[in-house]
Amino acid sequence: MSPPGGGLRILLLCHSFNSLTQRLFAELRARGHTVSVELDINDRVTEEAVALFKPDLLIAPFLKRRIPANVWQALTCLVVHPGPPGDQGPNALDWAVLCGERGWGVTVLQANAEFDAGPVWAHAAFALREASKGSLYRREVTQAALQATLAALQRFEQGERTGDAPPSAQWRPAMRQADRAIHWARHTTAEVLARLRCADGQPGVLDALWGHACHLGDGHAASPAVMAGFAHAAPGELLAVRDGALLRRTLDGGVWIGQARRVAEGAPGFKQVAAEAFATEAAALPHLPVPLQRPEDEWGELRYTEHGPEGARVGCLCFDFHNGAMSTARCERLRAALLELRERPVRVLMLLGGEDFFSNGIDLNSIEAAAHRPGDSAADASWRNIQAMDDAALAVLDMPDRLTVSVLRGNAGAGGAFLALAADEVWAHDGVVLNPHYKNMGNLYGSEYWTYLLPRRLGEAGTKDLMARRLPLLAREAAAMGLIDHCDQQGPEGFEARCLQRALALAASYNLPQRLVARQAARERDEALRPLAHHREQELARMHRNFYGFDPSYHVARHHFVHKVPHAWTPRHLALHR
């Protein structure tokens, strides 16, 4: 049953092909295993996948239902549970964040008739930082899941077919909205943030804004300096807007609320930037702008710092957009910041994106919202957004007197991957996954000057192959093929500091001026052969067909993505067995 190379045939059974599943998929393939994916649609589909693929092993990294009994009774099935040994229940990480656990873990256990109670094959522990559930899941949980899964695989390859007896269990029930509820009159900022963070992504905290029921998420503490201006506001009062977030008073301070999902006629809608979800009401609040260079405790989506001596300075620009989604407004703010920073006396400019995602390209939720606004449309909003993304990418490309470096602290996908490639160099740590393609979103053609940026790194044949494969790519694989310039093998801890030291060395290097001259000469040669404006024009002509043409694939895919419509089938590029 195993392939000739000695690797295993592994079926990944998952509710969605999320960041954790993508990392496991890419890491297992890189280790020589034959990996196929089946989305957990129903029992019959799972049974059929097992019959077709004939796996040696089934791994379930993200499930919401039990594996069918006739599958786990006939085949070793390993479930990746985001909790330490003995933890049971569907909202393990939610409870850990809400309760302020100091340490947590991931357990790989064998599926049986009871949820999260089978034999333990491996586990990995980690410290629980103060962060949202989604951030923890994408970073610590994913890294621990990989570590524990590889340890379990090693035992399986050595011939073991059952794990260790599980410890005494602690069952945690599904978390209810009553458990997450915010009482603004008596909850401190820390208590409000714990509730917002434990509900991050899904389901959000059920609350109300301006009397309208909605689910809240993406919370950030407001600084004492900001709250000093609202000392007499009542807890729960809405006070101001910044970068699309709403400032709301708590018992002892305030929080910025970045995301809201309105509840319409008893049915939840979809997440939006909070001030855009309540555009009319938010327009009456004062707007509190924030400078790029500011104190550490002052929240804002963009932040800039400078380091190093005069004559060899390094600038660092972070743009931490929720889930890496870059709406038209966010693209415009990023472009304005880049144009402002062209005047700063730095020799190297580092673009650090966000902590969890560098960027994922255009904001599909913001575009979907346009379809519900009178006089607007999703097609028009898509067109505005892609133009703004191109403008931001062009601002990175047009930095003639300094070296630019994209630093991938988190994953990058679609247009966000190509925004990173607009820089002179791209650095990533070993845990980063890239999805440098567009076709999975309704066969989008893509823009952001990818028809210029990819061939100069991979050549025409390499470009065609990469754009056709539609699969997640590990940073070390991207470095090996020349797509990025450096993969830091030491992992995410301390990665930003190591990149700053590399950048400072670059800024102080004797030959940097000559390198910049050579780069500008190459850019001028490229421009003479085919101007960037022509690349943009040709890309956008294809995108215009995606947005306005007769084929609705993009609009259907976007609607399904935004509204979390369950998959009806597994995409064929993932399901090798089909």
Side-chain angles (χ1 to χ4, degrees), residues 22-23 25-27 29-30 324 351 353 357-362 386 389-390 392-394 396-399 403-408 410-441 443-489 515 518-543 573-574:
Q22 289 182 29
R23 178 80 185 280
F25 174 85
E27 293 279 6
R29 281 167 48 95
L351 309 173
F357 293 103
F358 180 84
S359 169
N360 280 320
I362 61 176
I386 197 63
M389 276 292 300
D390 282 1
L394 184 59
V396 177
L397 276 163
D398 189 21
M399 288 272 182
L403 193 76
T404 54
V405 180
S406 290
V407 176
L408 275 59
N411 298 348
F418 296 105
L419 176 66
L421 294 178
D424 297 307
E425 294 196 11
V426 183
W427 305 343
H429 64 74
D430 197 44
V432 163
V433 174
L434 296 95
N435 280 282
H437 47 75
Y438 303 88
K439 288 184 180 294
N440 290 346
M441 185 49 61
N443 208 34
L444 273 184
Y445 183 75
S447 195
E448 295 93 8
Y449 302 95
W450 75 264
T451 56
Y452 170 70
L453 297 169
L454 267 191
R456 71 175 184 169
R457 285 179 172 270
L458 302 182
E460 295 295 339
T463 295
K464 184 177 180 180
D465 177 67
L466 182 69
M467 295 299 279
R469 70 195 297 260
R470 300 169 60 183
L471 294 174
L473 189 68
L474 297 171
R476 75 183 82 103
E477 296 174 319
M481 69 170 59
L483 181 65
I484 69 173
D485 301 280
H486 172 66
C487 177
D488 183 296
Q489 297 290 332
R515 181 175 176 180
R519 183 197 65 180
Q520 186 61 24
R523 178 81 277 286
E524 290 170 0
R525 288 194 299 271
D526 292 343
E527 189 70 11
L529 287 171
R530 185 183 175 190
L532 283 176
H534 187 257
H535 284 278
R536 178 168 177 161
E537 178 186 352
Q538 294 298 306
E539 291 169 3
L540 290 178
R542 299 288 292 271
M543 292 290 275
H573 67 284
L574 298 177

> Working to the nearest 0.5 angstrom, can you tell me the gap between Arg542 CZ and Asn443 CG?
9.0 Å

> Check whether any side-chain heavy atom of Glu527 lies under 4.5 Å from a side-chain heavy atom of His534, and answer yes or no.
no

> Do Tyr449 and Asp390 get their side chains close enough for a donor-acceptor pair, meaning under 3.5 Å?
no

> Is any side-chain N of the basic residue among Asp485 and Arg457 closer than 4.0 Å to the acidic one's carboxylate O?
yes

> Taking the side chain as every heavy atom from C-beta outward, state whether Arg469 and His437 have any pair of such atoms under 4.5 Å apart.
no

> Roughly how far, to the nearest 0.5 Å, is CG of Asp488 from CZ of Arg476?
12.0 Å

> On a heavy-atom basis, which atom in Leu421 and which in Leu453 lie closest, and how many Å separate them?
O-CD2, 3.6 Å

> In Å and rounded to the nearest 0.5 Å, what is the CG to CG distance from Leu458 to Asp465?
9.0 Å

> Is Leu466 close to Pro436 at the side-chain level, that is, under 4.5 Å between some pair of heavy atoms?
yes

> Looking at Lys464 and Glu460, does any basic side-chain N land under 4.0 Å from a carboxylate oxygen?
no

> Out of curiosity, Gln520 CD to Arg525 CZ, how far, rounded to the nearest 0.5 Å?
10.5 Å

> Taking NZ, NE, NH1 and NH2 as the nitrogens, is one of them in Arg519 or Asp424 under 4.0 Å from a carboxylate oxygen of the other?
yes

> Ring centres of Tyr452 and Phe418 under 6.0 Å apart?
no

> Under a 4.0 Å N-O cut-off, is there an ion pair linking Arg515 with Glu425?
yes

> Could you walk me through whether Leu471 and Leu574 satisfy the side-chain contact (heavy atoms from CB on, under 4.5 Å) test, starting with their C-alpha distance in whole Å, then the side-chain angles of each, then the deciding distance to 0.1 Å, before giving a yes or no?
CA-CA 8 Å; Leu471 294 174; Leu574 298 177; 3.8 Å; yes

> Can you see which heavy atom on Phe25 is nearest to which on Pro472, and at what distance?
CD2-CG, 3.8 Å

> Side chains of Asn435 and Gln22: donor-acceptor distance under 3.5 Å anywhere?
yes

> Taking it one step at a time, do Leu351 and Val396 satisfy side-chain contact (heavy atoms from CB on, under 4.5 Å)?
CA-CA 9 Å; Leu351 309 173; Val396 177; 3.8 Å; yes

> Are Asp398 and Leu532 close enough that some pair of their side-chain heavy atoms sits under 4.5 Å apart?
no

> So Met543 and Leu444, side-chain contact (heavy atoms from CB on, under 4.5 Å) or not? Walk me through it.
CA-CA 7 Å; Met543 292 290 275; Leu444 273 184; 4.2 Å; yes

> Measure the shortest side-chain to side-chain distance between Arg530 and Gln538 over non-hydrogen atoms and say whether it is less than 4.5 angstrom.
yes

> Is the Trp427 ring parallel, tilted or perpendicular to the His486 ring (thresholds 30°, 60°)?
perpendicular

> Between Trp450 (side chain only) and Tyr445 (backbone N and O only), is there a donor and an acceptor less than 3.5 Å apart?
yes

> Going by heavy atoms in the side chains, are Ile386 and Ile362 under 4.5 Å from each other?
yes

> Return the NE2 to CZ distance between His573 and Arg470, rounded to the nearest 0.5 Å.
5.0 Å

> Looking at Ala478 and Leu434, what are the two nearest heavy atoms and their distance?
CB-CD1, 4.2 Å

> I need the minimum non-hydrogen distance between Ser406 and Ala423, along with the two atoms involved.
OG-CB, 3.3 Å

> Contact between Arg23 and Leu474 at the side-chain level, heavy atoms closer than 4.5 Å - yes or no?
yes

> Do you know the tightest heavy-atom contact between Ala420 and Leu408?
CB-CD1, 3.9 Å

> Any chance the side chains of Glu448 and Tyr438 put a donor and an acceptor closer than 3.5 Å?
yes

> Would you say the side-chain atoms of Asn360 pair up with the backbone N or O of Gly413, donor to acceptor, closer than 3.5 Å?
yes

> Counting C-beta onward and ignoring hydrogens, is there a side-chain heavy-atom pair between Val407 and Val426 closer than 4.5 Å?
no

> How close do Ser359 and Gly416 get, counting heavy atoms only, and between which atoms?
OG-CA, 3.2 Å

> How far does CG of Leu483 sit from OG1 of Thr463, to the nearest 0.5 angstrom?
9.0 Å

